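Remarks on the structure that follows.
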Number of protein chains: 2
Amino acid sequence: MMDDIDRMLIGRLQEDATQSYAELGKAVGLSGGAAHERVRKLRERGVIRRTTIEVDQAALGRAVTAYVLVDGGAWMGGSADALAAIREVEEAHVIAGPASVLLKVRTTGTKELQDVLRRIFEVDGVTGTQTVVVLETFFERALE
Amino acid sequence: MMDDIDRMLIGRLQEDATQSYAELGKAVGLSGGAAHERVRKLRERGVIRRTTIEVDQAALGRAVTAYVLVDGGAWMGGSADALAAIREVEEAHVIAGPASVLLKVRTTGTKELQDVLRRIFEVDGVTGTQTVVVLETFFERALE
DNA sequence: GGTGAAACGCCAACCAT
DNA sequence: ATGGTTGGCGTTTCACC
């Protein structure tokens, strides 16, 4: 229900999802039709969520990346929605450890970061935040 | 050198990069050809890095996500390469704050996480690590 | 920089093997 | 899963604006 060929197909598509199925099939030792059918099933099963583009956030004006540790206990129910409503928050995870939630935030600058922190603080249950600013990103890549 | 239409095109393509340029053009009030030309230039300029697929990591067997704070000072030169060589490391950032580097790591389980931590420890300049395990991910999304 | 149309190539759907 | 075939659609290019 998920062999090496499927993994190869996923790897190839992560690198370049614009290539033809004929090309894709040749790369993994399959015909175009067979490759297409496998990819169709991977999409159907939700292993492949969607086809998308990778954007240079800096080119879009988002120069500052920061991680925000959020303290506070009431993380049932609507808190996730309240965080999702803050558009600069790219990821939100519940974590084991010192804080309750870890957020990844991208903004155009420190000014906007300050504003985002203010809005995070207004979310129900939040009692405090600790912010870690990224100075340089070595890499952000797709696994496998 | 980057207007609202470009931003709309990027937003649409992030949601679904399989749609036709005709469709894309209609959505932003342009002809298919014009939409295609704009997207071509966005790729050329590197704003759009590549077209890729979004994969359900859990379906691939990667059930555990963790953030690793790495201590140690010698972060010039080859350290980034040494970290990139660890395939389970998805992101690596130099940060301002308590530790030097923040890593995002995905593994099949805690056993493999332990092994990854051991390999991180073997990288030159690393003097210690602190690991934060993700219990639940609210969301990981594309901005804009 | 955008439009509209024409030519080409690829994808998607079949079927027999 | 393959290979051949066919129909339809999207991409790409062109002259024109």
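None of the values given here were measured: they were computed from a predicted structure. Residue numbers start from 1 in every chain, and the chains themselves are labelled A, B, ... in the order their sequence lines are given, proteins ahead of strands.
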To the nearest Å, how far apart are B/D3 CG and C/dG2 C1'? 13 Å
What is the distance from CG of B/L42 to C1' of C/dG1, rounded to the nearest Å? 14 Å
Hey, mind stepping through A/D6 and A/R38 against salt bridge (Lys or Arg N to Asp or Glu O under 4.0 Å) and telling me if it holds? CA-CA 7 Å; A/D6 282 339; A/R38 275 177 178 261; 3.0 Å; yes
So B/D115 and B/R119, salt bridge (Lys or Arg N to Asp or Glu O under 4.0 Å) or not? Walk me through it. CA-CA 6 Å; B/D115 185 58; B/R119 279 180 279 155; 3.1 Å; yes
Please identify the 5'-most and 3'-most nucleotides of DNA chain D with any atom under 4.0 angstrom from a heavy atom of chain B. D/dG10 to D/dT12
Working to the nearest 0.5 Å, report the span between [atom1] of [X] and [atom2] of [Y].
X      : Y      : atom1 : atom2 : answer
A/L13  : B/I53  : CG    : CD1   : 4.5 Å
B/R106 : B/L113 : CZ    : CG    : 13.0 Å
B/I5   : B/L30  : CD1   : CG    : 5.0 Å

Identify all pairs in which a protein N or O lies below 3.5 Å from an N or O of nucleotides 9-14 of chain C, and state each distance.
from   : atom 1 : to    : atom 2 : distance (Å)
C/dC11 : OP1    : A/Y21 : N      : 3.3
C/dA12 : OP2    : A/H36 : NE2    : 2.4

State whether B/E23 and B/K26 are salt-bridged, where the test is any N-O pair (Lys NZ or Arg NE/NH1/NH2 against Asp/Glu carboxylate O) under 4.0 Å. no
Crowding at CD, B/E140 (>12 non-hydrogen neighbours, <6.0 Å): yes
Is there a path of hydrophobic side-chain contacts, each under 4.5 Å between heavy atoms, that joins B/V132 and A/L83? no
